[in-house]
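See below for the structure under consideration.
Chain letters run A, B, ... following the sequence lines, proteins first and then strands; every chain starts at 1. Please read all numbers here as calculations on a predicted model, not as lab measurements.
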Amino acid sequence: MHKPYIAKEIETKWQKEWQKNNVYKASADKKNNYYVLEMFPYPSGKIHMGHVRVYTLGDVLARYKRCSGYNVLHPMGWDAFGMPAENAAFENKIHPAIWTKQNIDNMKKQLKAMGLSYDWDLEFATCDPLYIECQQKIFLDFYKNDLAYRKEAWANWDPVDQTVLSNEQVIDGKGWRSGAKVERRKLPQWFFRITEYADDLIDSLDKLDNWSNQVKIMQKNWIGRSEGLKLKFKIDQRPNDKIDSDNIEVYTTRPDTIFGASFLAIAPDHPIAKSLANNNKELQKFISECNQIGTSEEALEKAEKKGFDTSIKVFHPFEEGEKLPVFVANFVLMSYGTGAIFGVPAHDQRDLDFANKLKLPVKVVVKDKNNNYENIDTVAYTGDGEIINSGILNGMNIHEAKSQVIKLAVNKKIGKKSKQFRLHDWCASRQRYWGCPVPIVLCDNCGIVPVPKADLPVLLPDDVTFEKIGNPLDHHKKWQTVNCPKCNKPAKRETQTFDTFVDSSWYALRYPAPKSKEPIDKKEMLKWSPPDQYVGGIEHAILHLLYSRFFNRGLKKTKYVNFDEPFKGLFCQGMVCHKTFKSPGGWVEPDNVELKGNKAFLKSNNQELEIGRSEKMSKSKKNIVDPMSIIDKYGADTARLFMLSDSPPERDLDWSESGVDGCWKYLKKIWGHFHNYTPPKKNFLILKDAEEGHKKIRREIHICIQNTTDSIETFRYNSAVASIRKLSNLLLGISNNEKSLILDQIILEGWESYLIMLSPITPHIAEELWKLMNPNSSILSQKWPDINEEILKNKKIVMAVQINGKLKNTIEIAPKEIVNKSLQENKALALDNIKNIILNKEPKKIIVIPGRVINIVL
RNA sequence: GCGGAUGUGGUGAAAUUGGCAGACACGCUAGAUUUAGGUUCUAGUGCCGUAAGGCGUGGGGGUUCAAGUCCCUCCAUCCGCACCA
């Protein structure tokens with residue numbers, strides 16, 4: 001009897017051994033350097049299955065590349081600033097720094113138990129004083145180069161707690177702790193000038209060949225470039241003198257529909273609206289209602305369209321005598337275009353909803369050929385068509401009309417062509433404690449004064465309390481008070497800290513030299529950067545990845561780097577999901593559930609539970625499986641194998657206990673096999689003398705090697721696992737009485753290749769089994785198996801024979817017959833069942849696709 | 001609301017360019033061995049049908065000798081929406 005497979009034992013053994021030998025040390029050479037990076041985690045306390053998935057994916061790639069002869073940089077660190085640490089401080093009276101440190105220690109231990117191939121010497125956390133100092137240096141350079149500036153911006157304001165809330169802390173328009181209705185307030189905040197690069201950020205997407213297409217499309221739409229017209233409407237009668245303009249300027253992307261305009265709408269915070277509100281209580285009330293919708297775009301767009309008639313009228317620019325009413329409307333954004341629009345209900349859904357609500361006229365100006373365009377009542381028509389009811393524009397299509405109106409407006413000096421972006425500048429400051437301080441002093445005499453680089457870092461004070469509501473830095477008078485670096489008079493530190501997206505916008509460049517005094521050590525960085533492959537969740541498709549792309553451009557402008565894009569390749573993996581279980585008392589953890597057939601019961605009292613569909617693992621639904629319990633029970637290799645086995649990496653993965661069990665049984669089977677296997681003395685030289693029967697087996701082995709390699713290269717890891725398993729099925733299926741000297745060598749070649757290909761996936765068991773065959777070498781120093789092209793060349797080709805496109809039979813041909821179409825046709829026609837179907841009919845057509853299919857059309 | 005994606009057996013899925021749908025697994029069924037420690041092995045398994053055969057890739061329509069793959073349309077689910085990270 002052989003040794004039982006006790007995963008834990010061999011996994012800790014090899015992890016210790018590899019650590020001792022420092023096998024994952026990154027050392028760059030002149031060429032063949034490869035940088036694999038996975039998105040670093042927020043240290044929330046313990047790892048979850050999402051981490052197991054993304055880090056396994058990255059690890060397979062890192063190990064595969066190392067095995068294929070590359071020098072690999074594969075680092076890990078911590079996105080250590082953020083709100084949860086402050087929440088923990090508030091709830092459990094623990095300092096954010098201590099809480100974060102504890103979490104990092106614990107999670108590091110857990111990641112190590114997964115057997116990931118990181119060079120831990122390169123580890124850092126974004127809350128390290130050195131990282132803070134470096135980031136502040138970069139910020140000062142950005143500020144000097146006009147990439148950062150301060151201006152007023154909206155924030156969610158809790159009027160009871162007297163504090164700023166994140167969108168996450170606003171639930172149904174109410175503060176999460178106070179329950180008070182949340183308002184919007186303007187505060188001075190710090191911005192990065194990302195819009196400066198808007199065009200470049202769109203145009204350069206084309207160059208990112210190794211980025212997933214969907215992310216590129218999402219970013220393009222997010223930036224939202226549009227070409228349109230800024231157009232002035234003359235005000236008929238000014239209601240009060242405080243309005244210092246005779247015009248209201250609107251921005252539109254549909255100048256062609258100008259004759260269908262039935263109103264103007266301005267944003268609640270448009271200067272004219274504000275000015276009117278000064279002596280209009282009703283309007284004041286309306287504006288403050290608008291301010292209660294919240295700051296998220298989703299909330300604004302979903303809110304019921306509401307408007308307030310200002311009683312101002314404006315003249316239609318092209319239609320003599322026509323006047324349009326001006327409304328303040330809750331769906332118009334001050335931050336986009338000019339903060340004012342003209343409304344064309346027939347051809348814009350929002351405008352139509354609004355017009356219907358306020359009983360405004362709907363005038364059709366674009367003819368929809370396919371539908372009844374006379375009556376537009378609830379659905380606006382936004383497509384192309386012939387312009388009607390529009391005087392001089394009649395008969396044009398919308399594109400002709402668009403340029404015609406722009407031309408007319410420019411000639412009349414009431415408009416100009418304008419390019420707009422949906423993207424707005426990045427608000428990167430937060431009114432919170434646990435973040436990197438903005439290194440600025442606010443002085444009554446000198447205004448905004450950067451902290452001199454020599455005085456960095458500006459570190460957070462330790463002695464803060466979280467009992468008082470609001471930003472602890474605001475309450476810390478001693479920390480705030482400094483002398484102005486310019487005039488030396490008493491001044492105040494900026495009490496805002498950076499958005500954590502700032503921390504994660506440049507961390508990849510820090511790994512090559514994480515202890516350098518310089519933010520980015522050029523020499524070391526250039527050996528590796530930018531990362532060849534970045535791996536992370538699709539939920540970061542826009543913000544993190546767009547901010548990183550901007551930041552990299554900023555770093556180029558400030559001469560820290562010499563390339564534009566932060567990541568050469570990008571791969572986004574799907575989420576980890578699990579079924580949900582519900583009892584009348586609420587959600588139930590999978591750990592407390594017993595499955596019998598397709599029913600689920602509560603372990604404690606056998607009560608039957610409702611089984612819900614699979615959803616993203618989340619605390620609220622309690623459908624969480626703790627990775628550590630899986631590693632304890634089955635081992636890291638099983639967990640890793642399961643993560644890769646069934647679902648393609650980019651798709652959501654359904655966690656299933658039986659799937660994990662299957663992986664474990666498989667590893668156990670392989671374990672058993674190798675413990676009973678006595679390999680022959682290696683002599684691969686005799687393989688070239690193999691006869692056809694043996695060659696066939698060897699060919700199949702090499703087909704598996706080829707398929708596995710292709711699948712790994714293209715991130716189809718589930719297919720890679722399938723072909724690896726196919727290879728073991730094949731080798732295990734060769735019966736003992738077939739064996740011979742040559743076949744024994746073929747089988748040995750097969751098993752060695754098998755273990756090497758398995759090793760990036762399940763490194764521990766692969767090493768253990770490798771040592772059984774080769775006690776003096778490590779699997780980590782083996783080369784990825786070569787594909788023997790010569791062997792693959794002579795495989796038989798199977799072709800489908802179809803009648804009217806339906807498969808009826810197959811034929812086999814030799815590779816050299818692939819060019820001989822008539823031979824293939826004749827072979828197909830000679831088949832008995834084909835003859836029977838054709839009988840005496842004359843085929844109308846016979847299509848031969850060489851080497852693939854013969855289709856006989858009757 | 002806007003933007004992006006996904007949809008194939010009982011389940012997870014596979015299928016270079018349109019060219020044999022269901023590889024590899026899980027589950028299930030039957031049988032064998034009795035497993036010594038979470039058994040293993042063999043056979044079967046898309047659906048309907050005794051069979052011949054027919055039907056099958058979310059629904060409907062189309063292009064083609066040929067459609068999971070291309071086009072139109074509808075439906076369902078998931079992700080993001082700028083202060084969660």
Side-chain angles (χ1 to χ4, degrees), chain A residues 1 4 39 41-42 44 79 81-84 155-156 164-170 189 213-215 217-222 224 295-303 331 349-350 353 422-432 499-501 504 537-544 546-547 572 574-575 577 597-598 613-616 633-634 645-648 650-654 656 658-666 668-669 672 707 710 714 716 718-719 721-726 729 798-802 804-810 844-847 849 851-857:
Chain A
M1 238 5 249
M39 291 180 185
Y42 178 78
S44 53
D79 191 9
F81 279 132
M83 278 204 316
N156 297 312
V164 174
L165 298 179
S166 67
N167 284 344
E168 191 188 47
Q169 294 168 328
V170 179
Q189 309 213 52
N213 228 9
Q214 66 159 307
V215 171
I217 294 168
M218 282 163 91
Q219 291 210 352
K220 190 176 169 203
N221 290 328
W222 181 264
T295 54
S296 85
E297 185 179 320
E298 187 188 5
L300 286 170
E301 294 216 29
K302 274 194 187 157
F331 62 92
Q349 193 59 47
R350 283 186 306 188
D353 296 343
R422 209 186 72 96
L423 179 73
H424 48 74
D425 275 342
W426 170 15
C427 177
S429 56
R430 301 288 180 263
Q431 298 70 43
R432 274 183 249 292
D499 176 6
T500 55
F501 278 127
S504 57
I538 185 71
E539 65 273 19
H540 293 290
I542 294 175
L543 294 181
H544 164 57
L546 193 60
Y547 290 153
C572 293
M575 297 173 306
C577 300
N598 49 7
R613 60 182 178 76
S614 194
E615 293 182 57
K616 178 181 179 175
K633 194 170 162 193
Y634 296 98
S645 281
D646 283 348
S647 300
E650 71 279 6
R651 204 125 27 117
D652 288 351
L653 175 145
D654 215 2
S656 83
S658 56
V660 182
D661 219 53
C663 289
W664 184 80
K665 281 180 191 161
Y666 175 71
K668 208 174 81 153
K669 180 164 92 179
N707 289 344
D710 286 353
T714 51
R716 284 149 50 236
N718 54 327
S719 299
V721 171
S723 20
I724 290 173
R725 286 183 79 140
K726 205 170 178 178
N729 290 348
V798 180
M799 288 179 66
V801 180
Q802 302 175 331
N804 291 337
K806 303 237 167 191
L807 179 75
K808 296 293 171 189
N809 210 333
T810 56
K844 281 187 199 139
K845 211 194 251 185
I846 298 178
I847 289 148
I849 308 297
R852 288 189 185 272
V853 70
I854 297 140
N855 189 11
I856 300 158
V857 186

>> Does the structure show Trp426(A) stacking with A82(B), if we require the centres to be closer than 5.5 Å and the planes to be within less than 30 degrees of parallel?
In response: no
> How is Tyr666(A) classified with respect to the nucleic acid when contacts are heavy atoms under 4.0 Å: base, sugar-phosphate, or nothing?
Replying inline: nothing
> Considering residues at least two apart in sequence or located in another chain, which fulfil the salt bridge (Lys or Arg N to Asp or Glu O under 4.0 Å) criterion with Asp661(A)?
Replying inline: Lys665(A)
>> Test of understanding: with ring-ring contact (aromatic ring centres under 6.0 Å, His included), list the residues that count as partners of His544(A), not counting sequence neighbours.
In response: Tyr534(A), His540(A)
> Do you know which two heavy atoms are closest between Leu653(A) and Ser647(A), and how far apart they sit?
Replying inline: CA-OG, 3.6 Å
> By salt bridge (Lys or Arg N to Asp or Glu O under 4.0 Å), which residues pair with Lys633(A), not counting sequence neighbours?
Replying inline: Glu657(A)
> Taking only residues two or more places apart in sequence, or in another chain, which ones meet Tyr547(A) in a ring-ring contact (aromatic ring centres under 6.0 Å, His included)?
Replying inline: Trp426(A), Phe501(A)
> For Tyr42(A), which residues count as a ring-ring contact (aromatic ring centres under 6.0 Å, His included) partner, sequence neighbours excluded?
Replying inline: none
Output a table of nitrogen or oxygen pairs between the protein and nucleotides 41-46 of chain B separated by less than 3.5 Å.
none

> Between which residue ranges does RNA chain B form stems of three or more consecutive Watson-Crick or G-U wobble pairs, both distances under 3.5 Å?
Replying inline: B:1-7 with B:75-81, B:10-12 with B:24-26, B:27-32 with B:40-45, B:46-48 with B:53-55, B:58-62 with B:70-74
>> What's Val801(A) touching, base or sugar-phosphate or nothing? Going by heavy atoms closer than 4.0 Å.
In response: nothing
> NA contact type, Asp652(A), heavy-atom cut-off 4.0 Å: base, sugar-phosphate, or nothing?
Replying inline: sugar-phosphate
> How does each nucleotide of nucleotides 51-58 of chain B score, in 5' to 3' order, for protein heavy atoms under 4.0 Å: base (B), sugar-phosphate only (S), or none (-)?
Replying inline: ----S---
>> Under 4.0 Å, counting only non-hydrogen atoms across every strand here, what does His544(A) touch: a base, just sugar-phosphate, or nothing?
In response: nothing
What are the atom names and distances for every N/O pair under 3.5 Å that joins the protein to nucleotides 70-73 of chain B?
none

> For every nucleotide of nucleotides 19-24 of chain B, 5' to 3': is a protein heavy atom under 4.0 Å from its base (B), only from its sugar-phosphate (S), or from neither (-)?
Replying inline: BB--BS
>> For Arg430(A), give me all partners under salt bridge (Lys or Arg N to Asp or Glu O under 4.0 Å), at least two apart in sequence or on another chain.
In response: Asp499(A)
> salt bridge (Lys or Arg N to Asp or Glu O under 4.0 Å) with Arg422(A): which residues, sequence neighbours excluded?
Replying inline: Glu297(A)
